[in-house]
Every structure is written in structure tokens, then in C-alpha cells.
There are 2 protein chains.
Amino acid sequence: MNLKTLAEALGLSQTTVSRALNGYPEVSAATRRRVEEAAAQMGYRPNSRAKGLATGRAMLIGQVIPTSTEHEMVNPVFGDFVAGASQNLARAGYDILLTRVPGDDEGKVYREFRARGAVDGVIVQAPAVNDERIALLNDIGLPFVVHGRSTGVDLPYSWIDVNNTQAFRRATEFLIQLGHRRIALINGLERMDFAFRRRKGYTHALEAAGLSSDPILMCTDEMTEEFGFKKTRHMLSLEDPPTAIICSSILSAIGIRRALQEAGLVMGRDLSVITHDDDLSYLKNGQDLPIFTATRSSVRMAGELLADALVQLISAPDEGPITRLLEAQLVVGSSTGPAPLQAARLG
Amino acid sequence: MNLKTLAEALGLSQTTVSRALNGYPEVSAATRRRVEEAAAQMGYRPNSRAKGLATGRAMLIGQVIPTSTEHEMVNPVFGDFVAGASQNLARAGYDILLTRVPGDDEGKVYREFRARGAVDGVIVQAPAVNDERIALLNDIGLPFVVHGRSTGVDLPYSWIDVNNTQAFRRATEFLIQLGHRRIALINGLERMDFAFRRRKGYTHALEAAGLSSDPILMCTDEMTEEFGFKKTRHMLSLEDPPTAIICSSILSAIGIRRALQEAGLVMGRDLSVITHDDDLSYLKNGQDLPIFTATRSSVRMAGELLADALVQLISAPDEGPITRLLEAQLVVGSSTGPAPLQAARLG
DNA sequence: TCAGCTATCCAAAGCGCTTTGAAAATCGGT
DNA sequence: ACCGATTTTCAAAGCGCTTTGGATAGCTGA
């Protein structure tokens with residue numbers, strides 16, 4: 001079923017049918033109704049490629065599957081993010097074109113997207129500090145929005161980010177107010193912008209309180225459960241262990257919990273934990289009573305917002321970059337409590 | 001940069017350039033080299049839509065984001081699955097077209113895929129018992145492979161599945177051999193085929209051992225951490241609590257662990273746990289020394305295999321359905337041990 | 001009745017590619 | 001030197017849609 005046969009069946013020209021279906025005014029209400037009914041009844045849908053070729057738009061948004069090069073790990077927030085993005089993109093008639101990057105050359109994929117006209121825009125995930133993808137996309141003129149920002153990149157570009165610095169500053173201050181003095185940081189890879197910023201927030205808060213940050217209490221790696229577990233186990237074995245840990249991922253926080261359990265310690269009493277919580281659909285931190293005290297920000301909502309921004313950017317490219325900074329909520333659960341007395345802990 | 005300008009720049013016809021680039025034999029080696037070099041140097045890539053329109057192939061595989069209707073939860077294995085699938089699809093020149101289903105009408109999306117010619121085939125996730133999508137896709141003639149099977153569907157169709165029945169039978173037998181008699185099942189939604197089969201394997205093993213399955217020890221729901229936690233907590237409060245739990249997801253198993261911790265019990269000693277493990281990249285069950293005893297099967301590898309199968313199906317539609325049953329490994333970790341003596345437990 | 005509008009519809013070009021059918025160039029054999 | 005076979009190249013049609021630039025029909029007012 002294509003336009004031609006539909007038009008013939010209706011005794012109309014392709015032009016008229018096309019216009020009727022696309023809401024142009026040059027067609028009478030009666031004809032439009034007739035056309036729409038016939039189209040619905042015969043199950044006609046315009047061929048995507050033909051339509052795209054004629055209009056010059058692919059109605060597709062490019063998305064590279066965000067995997068870390070080192071461990072072939074898929075970003076755990078990807079599913080929720082893409083569910084959010086996809087939902088709002090669909091409203092504007094877009095689908096997502098998903099592709100993997102062979103090796104590490106995401107730039108090559110973007111160049112190809114552009115050359116092939118495969119997509120109308122892209123969403124950039126997990127920006128690093130000084131991320132070179134931004135300049136590249138600017139160069140080749142492919143509309144894009146970044147999920148996060150990139151410290152060190154001066155070009156104007158569109159982004160939506162969580163205020164990571166502020167979130168981790170607040171989390172740290174919160175612990176300090178509870179009397180904690182030795183606060184550890186289990187962070188993501190610090191070449192990633194979000195991790196870089198979180199560390200900044202953490203150290204700033206410590207400094208502001210007159211505390212020095214101890215390198216031995218700061219670690220950074222891929223945010224797996226095991227990472228949280230191993231680092232916590234290690235830190236608990238230190239001569240002067242931390243009384244609190246701030247953690248960049250709920251997965252690693254689960255690892256922390258496991259290490260505490262193994263050591264026979266009670267979370268929130270013997271050791272306080274605050275984690276960042278992306279509010280993943282499959283790993284809820286408890287709705288009414290959160291398990292972990294957390295800096296919370298829905299990654300799904302971020303996906304929705306990025307989708308809207310990109311759609312707007314594509315339809316009005318000259319209106320300048322869209323930027324938006326989201327504040328994370330600090331939700332208090334049962335994983336934090338006052339710092340244990342030194343005496344008690346030694347005894 | 002399009003074919004026309006490239007051909008003009010080379011002083012050749014579009015035909016020759018197209019053929020040179022697509023490896024047709026009717027072009028001399030010298031010309032081919034010249035064309036290829038010019039194309040590489042000028043960064044020419046054929047326009048996707050134009051090529052697709054001419055060839056009638058979209059070089060796109062449709063994939064609906066698998067979300068549960070009830071809780072808007074994205075399937076946690078989705079990221080890893082799609083990473084595997086995407087990798088092997090890319091080798092064959094395909095990308096993934098990702099879309100969300102508004103409401104619950106996945107069939108509508110497939111019909112549209114077909115009518116619009118948007119994709120060359122689709123991957124069907126999370127089949128239910130008597131899944132109606134299979135008949136629909138058969139009807140409309142869109143090539144597809146199912147990730148899993150659908151009990152009750154008699155039509156021939158292509159699928160790749162883990163032997164869920166066998167996996168859970170073995171897991172149950174393993175616990176029985178360890179002396180366990182009260183074995184609980186924390187299962188996924190049993191209208192899903194995988195959960196239906198797992199329960200079958202579980203009850204079969206119990207029956208074979210002359211044990212009756214106790215409804216109070218079997219529960220089924222979305223496999224979240226919280227579900228594992230709450231159900232375990234509840235079961236521990238029973239008059240005659242289980243000494244072992246079999247669980248369908250590592251996320252729920254983590255919830256089980258939390259409940260045990262809360263109750264002051266030690267996993268593997270006071271209560272044994274076996275979980276299914278999809279070998280998710282972001283939630284590894286420990287490589288050398290698994291945390292949980294588990295029935296393991298890599299969902300990423302499943303993605304790779306499904307991709308290969310679908311590509312083959314598209315290129316040779318008449319060769320009949322492709323089916324493959326994968327066996328899960330039973331890996332033994334420290335979450336299982338001999339059943340505690342009744343006396344010891346009561347005391 | 002007819003010019004001048006507007007409302008309605010249409011033929012054909014064009015999007016960038018592949019592919020068919022034919023022409024031109026090259027070659028070996030006599 | 002010439003012919004048939006083989007290579008190599010090309011012009012043009014076609015994929016299914018949108019959109020431009022008319023054409024036609026139906027009205028209005030004089």
C-alpha cells in the first residue's frame with residue numbers, strides 16, 4: 001500500500017492525498033475526511049525512507065550505547081534514560097537510532113551519521129572533562145545535546161546536567177553536621193565530568209569546614225558493586241578508618257553495605273553512607289522510607305528533558321544553546337547517623 | 001557530498017561510482033581504487049534514506065524498549081542485551097531503531113514498522129505465556145526473533161532461550177541434596193514465559209524428591225530489590241520458615257541479602273540462596289568467587305546470538321525458523337550451604 | 001454574461017541512490 | 001586489418017514521497 005495506489009483507489013492525485021494527510025489547508029474538509037478514512041481503513045502509512053528522502057529529515061535521533069572502554073560495562077542508567085528520552089521523542093515523531101561504537105572512536109560514528117544523513121541530531125552521554133566530542137559535533141554541524149557538561153570546553157553548547165558539585169557539597173556538609181570528620185569518597189572515574197565535579201563539591205565542603213581531604217579516603221573507578229565492596233573493606237582495615245562514606249552510585253553503595261555486613265557493622269550507626277541515586281526504575285531506593293540517605297535526581301526525567309531540548313534545537317537551530325541545571329534532592333534515609341564517639345569505636 | 005558530485009569530480013558516471021563502491025565486478029581494479037580513494041578523501045558516504053529507498057531495505061532492526069506496564073520499570077537486562085545485539089548487528093551493517101510503546105499496544109508498533117517499511121526485522125523481548133505478538137508478526141510478515149519462548153504458541157518461529165526449566169530444576173535439586181526441605185521461590189511475573197518455566201523446573205524437582213510445594217513459599221512479582229527484601233522478611237516471620245530461597249534475579253537476591261542482614265542471619269549458613277544471574281556488566285556476581293550460588297547465563301551473549309539469527313533470517317527467509325536452547329551454568333558461590341538442623345534453628 | 005477571485009485539485013520535478021539495458025572501448029585471434 | 005568476445009562505462013528508469021507551479025472549477029459582483 002503506497003501513496004500511488006491509495007490515490008488511485010480514491011480517484012485523487014498523489015498531491016491531494018499527501019496534502020490531506022499532512023494537514024495542508026489546500027484541501028477541502030470533505031476530501032480530507034474521505035482520504036483519512038481510506039488511509040486508516042487500508043492501513044496506509046507513508047514509507048519512512050521515501051518521506052525522509054523527500055523532506056530531508058530522518059526523524060531519527062542518534063544515540064551511542066554508553067559503554068566504558070575499560071570493562072565493556074554498559075552504563076546502568078542507560079535503560080531508564082533512554083526510556084525517558086524515547087517517550088518524549090516519540091511525541092515529536094522521532095525514534096532513536098541506537099548504535100555501538102567499535103573501539104573508541106565515537107567521533108567516527110558522528111561523522112558517519114552526518115555524512116549518511118542518518119539522524120537529525122544526537123544525544124551525547126557521559127561527557128568527560130575536556131570532552132572532544134563537543135567540538136567535533138559543533139564542527140560537523142550535527143545538532144546535539146549533552147547529558148551533563150564538560151569542564152574545560154569553552155564552546156557554547158546545549159546541555160542538561162545535575163548540579164553535581166552542589167549535591168556532593170551538601171551531602172558532605174550534612175555528614176559534617178552529624179559530627180563526622182573522616183569522610184571517604186567512593187567516586188566514579190574522575191575523567192568523567194560528573195565525578196570530577198562531585199569530588200570538587202566534596203573537597204570544597206571539607207575545606208570550608210577546615211578539614212583536610214585525605215587521599216587515602218578518596219578512590220575512583222568504575223562504579224560497580226564490587227568496587228564499593230572492596231574499597232570499603234579496605235578502608236575499614238585502615239588504622240584510622242572513615243566514619244562516613246559518600247558514594248557516587250547506588251550500586252557501589254550496595255557493595256558498601258555488603259562490606260559492612262561482612263565486618264559486622266551496622267550502616268547508619270557504625271558507619272554512615274550517602275549515595276547518589278539516579279532513581280532507577282529497577283533499583284529503587286525506597287519511596288517513603290529511603291534505605292540510603294541520597295542525593296537523588298531522576299535520570300529518566302533527564303532523558304525526557306534532553307529529548308525536548310533536542311527536538312527544540314532541531315526545529316529552531318538558531319535560537320542558541322539550551323542549558324539547564326537540575327538540583328538533586330537530598331533525601332534522608334537510615335544509612336546516616338551521628339558520628340560514633342572515638343572511644344566507642346576504639347573500644 | 002553526494003554520488004552525483006563525486007561522480008562529476010571523478011569524471012565518471014554515477015553508475016560506475018556506485019558499482020565501484022559496492023564491490024560489483026563490472027568495474028576495473030584501477031577505477032575502483034581511484035573511486036575508493038576519492039570517496040575516502042572526500043568523506044563520501046551514501047545517504048541512508050536514498051540507499052534504502054533504492055534497495056528496499058532499511059538496514060534497521062526494530063526494538064521496543066522492554067518496560068513492564070505495571071511499574072514503568074525498564075528491564076534491567078536491556079542495556080547489556082542491546083549492547084550484545086548491537087555489536088553483532090553492526091557487523092552486518094544494521095543499526096537498531098529503538099522505540100517506546102505508548103500504552104500497551106506493541107502490535108500497533110509492529111504494524112506501523114511494517115507499513116512504513118521502517119525496519120527489516122524486529123527482536124521481541126520478554127515473551128509472555130501465550131504471547132500474541134508472535135502470531136501478529138507472523139501475520140504481517142515482518143521477520144523476527146524472540147528472546148525467549150512462549151508456552152502455548154504452536155506456530156513455528158525463531159527463538160533463542162535459556163533452558164529455564166532445567167536451570168531451576170538443577171538449582172532446586174542442588175538445594176535438596178544439601179538437605180533443604182523448605183525451599184522458597186521468589187519468582188518474576190509468572191505470566192512471563194521465563195518465570196512460568198522456572199517455576200515448573202522448581203516444582204518438578206520438588207515433586208521428584210517427594211516434597212510438596214508450599215504455596216506460601218512461592219511468590220511472583222516484578223523482580224526488584226525491594227520485592228526480594230519484603231518477601232524474605234515476610235517468609236522469615238513464618239512459623240515454619242524456608243531454609244533456602246531460589247530467586248529469579250540478582251537484584252531481588254540483593255534484597256534477600258538485605259533482609260537476612262536485618263534479621264541478623266548469615267547467608268549460606270542460616271539460609272541458602274540461589275539466584276539466576278544474567279551476568280550483567282554492571283552487577284557482576286564475582287568472577288572467581290561468586291557471591292551468590294547462581295544459574296548463570298549471559299544476556300549479552302544472548303543479544304549477540306539473537307542478532308546473528310535475525311540477520312540470517314532476513315537474508316534467507318525461506319530457510320525456516322532458527323531456534324536455540326542455551327543451558328545455564330550452575331556456579332557455586334558462598335550463598336549456599338547445608339540445611340541447618342531443625343534444633344539449631346529453633347534454638 | 002463575464003472578468004476576477006478563491007477554493008480545490010493536479011502533473012511533474014526532485015530527493016540520492018541502485019540497477020537495467022545498451023553503448024563504447026579494448027582485446028585476442030585470424 | 002578486421003571481427004567477435006569481453007571489459008568497461010554510461011544514460012535513464014525507478015524506489016515512494018513532498019512540493020512547486022500551474023490548471024480547473026465554483027463563486028462573486030458588475
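Chain letters run A, B, ... following the sequence lines, proteins first, then strands; residues in each count from 1.
The CH2 atom of B:Trp159 lies 12.0 Å from the CD1 atom of B:Ile322; values are rounded to the nearest 0.5 Å. The CD atom of A:Glu8 lies 10.5 Å from the CG atom of A:Leu3; values are rounded to the nearest 0.5 Å.
Atom CZ in A:Arg32 sits roughly 13 Å away from atom C1' in C:dC9 (whole-Å rounding).
Classified by interplanar angle (parallel below 30°, tilted 30° to 60°, perpendicular above 60°), the ring pair A:Tyr282/B:Tyr282 is tilted.
Contacts of B:Pro321 classified as side chain to side chain contact (heavy atoms under 4.5 Å, CB included), with partners at least two apart in sequence or in another chain: B:Pro156, B:Ser158.
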Please tabulate, for side-chain N and O atoms in residues 51-59 of chain B, each donor-acceptor pair with protein atoms closer than 3.5 Å (sequence neighbours left out).
from    : atom 1 : to      : atom 2 : distance (Å)
B:Thr55 : OG1    : B:Lys51 : O      : 2.8
B:Thr55 : OG1    : B:Arg57 : N      : 3.3
B:Arg57 : NH1    : B:Tyr94 : OH     : 3.3

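Donor-acceptor pairing under 3.5 Å, judged by distance alone, is absent between the side chain of A:Thr16 and the base of C:dT8.
Within residues 22-29 of chain A, the residues approached by DNA chain D to less than 4.0 Å at the level of any non-hydrogen atom are A:Asn22, A:Tyr24, in residue-number order. Listed by residue number, the members of residues 41-55 of chain A with any heavy atom below 4.0 angstrom from DNA chain C are A:Leu53, A:Ala54.
Between A:Thr31 and C:dC9 there is a side-chain polar atom (N or O) within less than 4.0 angstrom of OP1 or OP2.
Of the possible donor and acceptor atoms, one in the side chain of B:Asp193 sits under 3.5 Å from a partner among the backbone N and O of B:Thr151. Between the B:Asp131 side chain and the B:Arg133 main chain, a donor and an acceptor come within less than 3.5 Å of each other. Listed for the A:Ser150 side chain is a donor-acceptor partner under 3.5 Å among the backbone atoms of A:Asn130. When atom types are taken as modelled, the side chain of A:Ser86 and the backbone of A:Ala83 share no donor-acceptor pair closer than 3.5 angstrom.
Salt bridge status for A:Arg33 with A:Glu37: present, with a side-chain N to carboxylate O gap under 4.0 Å.
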ask   = When every nucleotide of nucleotides 22-28 of chain C is labelled 5' to 3' by its protein contacts under 4.0 Å (heavy atoms), B for base, S for sugar-phosphate only, - for none, what sequence of letters results?
value = -------
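Heavy atoms only, all atoms of each residue included: B:Ser281 and A:Glu72 are closest at CB-O, 3.9 Å. Between B:Gly107 and B:Leu136, the closest heavy-atom pair is CA-CD2, 3.2 Å.
Between A:Tyr110 and the choices A:Glu112, A:Glu106, A:Arg114, A:Lys108, the side-chain hydrogen bond (donor to acceptor under 3.5 Å, both in side chains) rule is met once, by A:Glu106.
When DNA chain D is scanned in the 5' to 3' direction for atoms under 4.0 Å from non-hydrogen atoms of chain B, the outermost contacting nucleotides are D:dT8 to D:dG16.
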